[in-house]
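Working notes, structure below.
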Amino acid sequence: MRVRLSICLWIVAAAALPGACGDAMEGGPGGALPYASELVSFDPGEGAGHGQEDLPDVVFGPPKNTQEGGATSNVLSLGAGGSIVLGFGDRSITDGPADDFIVFENAFYTEFEDDGVWEELGRVSVSRDGETWHRFECSTEPVEPDDGPYRWPGCAGWTPTKAYDAGSTTTLDPAVTGGNSFDLSDLGLDRINYVRITDLTESTDLESKAGFDLDAVGIVHGGR
Ligand SMILES: [Ca+2]
Ligand SMILES: [Ca+2]
């Protein structure tokens, strides 16, 4: 069963529950921190459910998974093939030097996985108007480095979040924060307003895992 939840629902929820929607950028714990603050839609896939009771805040603001080597459960599980679209209030993501935004999943390094990391992959697409989408190419066939964990270039969900002061850092550097980062110039784009993440469980042999667990989406380069 799939359920489409429109942004209108969240506007209603925000009216009834101050702080529930959209104001993470305007004050309170989220302040002016550079993270997603708008839930446009959520299409749960099979097995979704975890974290839905905490929408939309669970996917707003900084990542919760900032304990080195740990993996938070304070995330939204997309379910197999599920997808979510997030926005950034009055901010856009813009193309600057190197990567421009970061997707945080609750991946963690583990010696108990042959590939060295507990990954759950997602495909990332971006849009300026919410209608026309541009997709980052993502292969579920991993790259096997000589040492260290496997890699899935172009996908989200395989690089753990690092320990950093997520509540006070207003400038994000993927080398400091961890997560998987993306460069708009790879798609020939200079500005986007929406990020869509789609779980890839259905198209892989990853059914034993619970699907992509979204923690946060952060802006590296942005403007109003
Ligand atoms: Ca860039
Ligand atoms: Ca996960």
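Both ligands and their constituent atoms are indexed starting at 1 by order of listing. Residues: numbered from 1 along the sequence shown. These numbers were taken from a predicted model, which means no experiment stands behind them. These numbers come from the heavy atoms of this one structure, side chains and all, not from hydrogens, waters or symmetry mates.
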Query - Shortest-distance N, O or S atom of Glu105 relative to the Ca ion (ligand 2) - result: OE2

Requested in this report: Determine whether the side chains of Asp183 and Ser181 contain a donor N or O and an acceptor N or O closer than 3.5 Å.
Outcome: no

Report task. Check which protein N, O or S atoms are less than 3.0 Å from the Ca ion (ligand 1) and report how many there are. Result -> 6

Query raised in the report: In this structure, are over 12 heavy atoms from other groups packed under 6.0 Å from Glu53 atom CD?
Result: yes

Query - Pairwise distance CG(Leu172) to CG(Asp99) - rounded to 0.5 angstrom - result: 12.0 Å

**Report entry** Within 6.0 angstrom of Arg191 CZ, more than 12 heavy atoms from elsewhere
**Finding:** yes

Requested in this report: Hey, can you tell me if Trp133 and Tyr194 have their rings parallel, tilted or perpendicular (30° and 60° cut-offs)?
Outcome: tilted

Query raised in the report: Which atom, among the N/O/S set of Asp213, is closest to the Ca ion (ligand 2)?
Result: OD2

Query - Glu120 OE1 and Asn106 OD1 subtending at the Ca ion (ligand 2) (10° steps) - result: 160°

Report summary line: Separation between CH2 (Trp118) and CG (Asp213), nearest 0.5 Å, reads 10.5 Å

Query raised in the report: If you measure from CH2 on Trp152 to OG1 on Thr140, what distance do you get to the nearest 0.5 Å?
Result: 10.0 Å

